[in-house]
Every structure is written in C-alpha cells, then in structure tokens.
Amino acid sequence: MIRVMLADDEAMIRAGVSSILSADPDIEVIAEARNGKEAVEQCRLHRPDVALVDIRMPELDGLAAATQIKAAVPGTAVLMLTTFGEDEFITRALSEGANGFLLKASDPRELIAAVHAVAEGAAYLSPRVARRVITKLQETGLTPAGPARSRVALLTEREREVLTLLGSGMSNAEIGRRMNLVEGTVKSYVSAILNRLDVRNRVQAAILAYEAGLVSRTGSR
C-alpha cells in the first residue's frame, strides 16, 4: 500500500485528486494539508511514502515545503503539482530535491502512474513537463555543462541502457527486471551514472536522458 499525503489549498482539487487516487487499490490518501506548513506537519506526523504537493500554496509554498519535507522525512518522495504558467518554479523545484513533476491537467491514469513511480524510487517527469523543464534549464543555462550527447558518451553501453530506462520513469526494481539484474546492482549503476554525469539526482539524470535523445519527449512513462 502506497501512503500519500496530499497538499493543495483548494478543497475541490484535494477532493478530486483524492478520489482519483482512492480508485487504485494500492494507494491510500492518509492525510491532507491546506498549505505548505500543514504539509510539513502532516509528513512529520504520518511519514507518508509520497507527498503530493501543489507548488503555489499560502503560508509556505510547495517548494519551501518540499525542502522541509525532504529534511524531516528523507524517505518521503515529493511529487510536485504544477501548471503551464509556473515554469519559473521548475528550476527551484529541481534544486529542492523534488522526485517528479505532474501537470494538474494530466490524465488521471498519469497521476496514478506518477505516484507509483516516485513511491518505487523512480523520477517521474510528465512528458509535457519534461519538455518545459528542458527548455527552462536551457534558457537559464542551468543544464549540466557540455552537450548532453557528449556527456552521455562518457557512460558505458550498460550505463546508457540503465539511463534510458531511468529516463523513461522506471524504478530500480523495474530496471532490474528488464535487464535481468538484482536491484543492488542497478543501484550501483545509478550511483555511477549520477557521478559520471555530475548530476544531483534521478530527475536531473532523466532530464539529461531526454536532452540526449535517449528518451522520446513525446512518449510516456
């Protein structure tokens, strides 16, 4: 069972998202919050597997809340809810350690897939969000130094295969099943990839996979 804490300042949005998630027998919404401060408190209290956090909230915005949640409950994955008008927050969310980005207008099936993905340790980028993340990072010059393809060329063939699967949204367990590897070996590959590419987390590695053309920008998880 994946335990979710849902934070959004609009009651109707919370009710709708909670209803969608509750339709999945493997997901349970165990707490809700109306603002970022409450989101942090609920995570400290309930220690959920996933915190689904709106970027714009009163008292403490979603980005600041994400920072505090990751510090207080490192085992909780943070999935940010965003809209097309909030591109300026994307780079901040990356630096705050968000595990994924999802558009509020996404299909309900994508919402469920995203929660499962980050709960299993994967980075989740909605395809439409991924395109905007890449564009925003390129505009601000915050992409890792050097062309993506040149950086990916530093990896071994096996590491590139792992990066491709990671970029498509797979967890370590899923990558292991696909490549016939034990999960510990996959973790070692992922750690080596992050070091070689000089990126901080799986989300940034996934973005690099998109930039290098290893993952389709119009595909889905």
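Predicted model only: the values in this text are computed from it and were never measured.
Atoms CG and CE, from Leu103 and Met80 in turn, are 12.5 Å apart once rounded to the nearest 0.5 Å. One finds the CG atom of Leu111 at 7.5 Å from the CG atom of Leu81 (value rounded to the nearest 0.5 Å). Between Glu38 atom CD and Met57 atom CE the span is 9.5 Å, to the nearest 0.5 Å. Put simply, CG on Leu63 and CD1 on Ile55 are 5.0 Å apart, with the number rounded to the nearest 0.5 Å. Atom NZ of Lys104 and atom CD of Glu10 lie 5.5 Å apart (nearest 0.5 Å). Here Leu102 contributes atom CG and Thr82 contributes atom OG1; the two are 9.5 Å apart, rounded to the nearest 0.5 Å.
A side-chain contact (heavy atoms from CB on, under 4.5 Å) with Val17 holds for exactly one of Asp8, Val29, Leu6, Asp54; it is Leu6.
Ala33 and Gln42 make their closest contact through CB-CG, 4.4 Å (heavy atoms, listed as atom of the first residue, atom of the second, distance). Closest approach of Ala64 to Asp61, counting heavy atoms only: N-OD1, 2.8 Å. Nearest heavy-atom pair across Pro48 and Arg3 is CB-O, 3.5 Å. Met5 and Cys43 make their closest contact through CE-SG, 3.7 Å (heavy atoms, listed as atom of the first residue, atom of the second, distance). Closest approach of Leu181 to Tyr189, counting heavy atoms only: CD1-CE1, 3.9 Å. The heavy-atom pair separating Ile193 from Leu163 by the smallest distance is CD1-N, 3.9 Å.
Annotation: Met12, atom CE; neighbour count of heavy atoms from other residues, nucleotides and ligands within 6.0 Å does not exceed 12. Annotation for Arg34: atom CZ does not count as buried by contact number, only 12 or fewer foreign heavy atoms lying within 6.0 Å. Around the NZ atom of Lys37, the shell of radius 6.0 Å holds no more than 12 heavy atoms that belong to other residues, nucleotides or ligands.
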Side chain to side chain contact (heavy atoms under 4.5 Å, CB included) evaluation trace for Asn99 with Lys70 = CA-CA 10 Å; Asn99 298 85; Lys70 298 300 287 187; 3.1 Å; yes
Would you please test Val50 and Ile27 for side chain to side chain contact (heavy atoms under 4.5 Å, CB included) and show each step?
-> CA-CA 10 Å; Val50 177; Ile27 297 176; over 6 Å; no
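In the hydrophobic clustering of this structure, Val4 does not group with Ile30; members are Ile, Leu, Val, Met, Phe, Trp, Tyr whose side-chain heavy atoms approach within less than 4.5 Å, directly or through other members. Val182 and Leu166 are assigned to two separate hydrophobic clusters, defined by single-linkage of ILVMFWY side chains at heavy-atom distances under 4.5 Å. Val73 and Leu60 fall into different hydrophobic clusters, where Ile, Leu, Val, Met, Phe, Trp and Tyr are joined by side-chain heavy atoms under 4.5 Å apart, directly or via other members. Taken together through direct or relayed side-chain contacts under 4.5 Å among Ile, Leu, Val, Met, Phe, Trp and Tyr, Ile13 and Leu21 form part of one hydrophobic cluster.
Side-chain contact between Asn35 and Asp9 is absent, with no heavy atoms from C-beta onward closer than 4.5 Å. In this structure, Met179 and Val186 have side chains that are not in contact, with every pair of non-hydrogen atoms separated by 4.5 Å or more. Contact of the Ile112 side chain with the Pro108 side chain is not registered, since no non-hydrogen atoms from C-beta on lie closer than 4.5 Å.
Comment: Glu161 engages Arg158 in a salt bridge, judged by a side-chain N to carboxylate O separation of less than 4.0 angstrom.
For Ser191 (side chain) and Lys187 (main-chain N/O), no donor-acceptor pair under 3.5 Å exists by modelled atom type.
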